[in-house]
2 protein chains.
Amino acid sequence: MPDDDGHPLPEEMDLRTVLHALADPLRLGVIARFLREPAGTERTCASFELPVSKSTTSHHFKVMREAGLLRMVDHGNSRTAVLRREELDERFPGLLDLVAAG
Amino acid sequence: MPDDDGHPLPEEMDLRTVLHALADPLRLGVIARFLREPAGTERTCASFELPVSKSTTSHHFKVMREAGLLRMVDHGNSRTAVLRREELDERFPGLLDLVAAG
DNA sequence: CGGTAGGTTCGACTTGCATCGTACCTCGTA
DNA sequence: TACGAGGTACGATGCAAGTCGAACCTACCG
């Protein structure tokens with residue numbers, strides 16, 4: 001059962017949902033940029049400076065976290081996003097490698 | 001350069017295009033069913049009996065072959081589709097394994 | 001020759017999704 | 001207390017994509 005923020009457990013992740021989340025150029029770009037940074041890197045949504053409005057940015061991050069790609073971490077003042085690298089590697093082995101390879 | 005049927009070479013295959021092609025339930029189902037059969041299995045589009053019209057079926061197979069997932073083989077009377085297993089494994093290692101694992 | 005099987009193409013409709021602006025929320029800070 | 005930074009929620013809009021029916025094409029068969 002997803003938590004309040006809609007984070008699915010690894011066994012709840014659905015391949016179709018994940019593929020759909022990755023099929024968008026902006027979202028695929030966000031995941032690819034996470035993969036170029038050290039594991040565990042936390043970034044605010046705004047730090048990606050996507051060429052869309054704030055609400056659209058929020059929408060894309062919602063799609064990614066509900067698919068299981070990202071986890072939102074509450075830091076009081078600001079929330080940050082983290083790539084769920086280990087869980088994704090466990091549930092969908094090789095998937096992130098494909099994204100990293102482009 | 002794609003041939004007359006729109007088949008891309010392995011190095012021309014685009015991850016985004018492939019992910020988009022796989023994000024549709026009907027198309028993902030077709031690939032999954034190919035993966036449950038011996039490598040090299042040829043099937044007609046109609047043999048999948050998708051719950052959509054003939055023209056829609058043709059549309060989905062066009063999306064898959066233009067993404068590089070399938071190759072259409074002309075047999076005179078009927079055309080058959082083949083999963084491009086080896087080429088996909090070379091270009092996107094692990095991708096088909098993910099689809100097979102569901 | 002016509003009929004049939006299997007696919008394709010075309011135009012039209014309809015659904016889904018990305019996008020936006022606005023309003024709102026929650027901290028932390030001045 | 002008020003304000004700003006960072007995100008979220010909601011309603012509306014516009015475009016991309018799925019869907020369909022009808023017409024067409026090619027190869028085989030009777």
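Reminder, nothing fancy here: chain letters follow the sequence lines and each chain counts from 1. This structure is a prediction, so every number in the text was calculated from the model and none was measured.
When side chains are defined from C-beta on, B:Val30 counts as touching B:Met64, because their heavy atoms get closer than 4.5 Å. Using a 4.5 Å cut-off on side-chain heavy atoms (C-beta onward), B:Leu15 and A:Leu22 make no contact. In this structure, the side chains of A:Arg71 and A:Arg65 stay at 4.5 Å or more apart for every pair of heavy atoms. No side-chain heavy atom of B:Thr80 sits under 4.5 Å from any side-chain heavy atom of B:Met72.
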Output a table of nitrogen or oxygen pairs between the protein and nucleotides 3-10 of chain D separated by less than 3.5 Å.
from	atom 1	to	atom 2	distance (Å)
D:dG7	OP1	A:Cys45	N	2.9
D:dG7	OP1	A:Arg79	O	2.7
D:dG7	OP2	A:Ala46	N	3.1
D:dG7	N7	A:Lys54	NZ	3.2
D:dG7	O6	A:Lys54	NZ	3.0
D:dT8	OP1	A:Arg65	NH1	3.1
D:dT8	OP1	A:Arg79	NH1	2.9
D:dT8	OP2	A:Ser58	OG	2.8

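For the residue pair B:His75 / B:Glu42, a side-chain donor-acceptor distance below 3.5 Å is found, with atom types taken as modelled. Defined by atom type and a distance below 3.5 Å, a donor-acceptor pair is present between the side-chain atoms of A:Thr56 and A:Ser53.
Of all nucleotides in DNA chain C, those with any atom nearer than 4.0 Å to a heavy atom of chain A start and finish, going 5' to 3', at C:dA18 to C:dG28.
Annotation: side chain to side chain donor-acceptor pair (under 3.5 Å) contacts involving residues 19-34 of chain A, sequence neighbours excluded, comprise A:Arg27-A:His60.
Spacing between atom CG of B:Leu26 and atom C1' of D:dC20 amounts to 14 Å, rounded to whole angstrom units. Separating the CG atom of A:Asp24 from the P atom of D:dA16 is a distance of 13 Å, rounded to the nearest angstrom.
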Any chance you could lay out the side chain to side chain contact (heavy atoms under 4.5 Å, CB included) test for B:Arg84 and B:Leu70, step after step, and finish with the verdict? CA-CA 5 Å; B:Arg84 298 177 66 178; B:Leu70 300 180; 5.6 Å; no
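Taking only side-chain nitrogens and oxygens, B:Thr56 never comes nearer than 4.0 Å to OP1 or OP2 of D:dT19.
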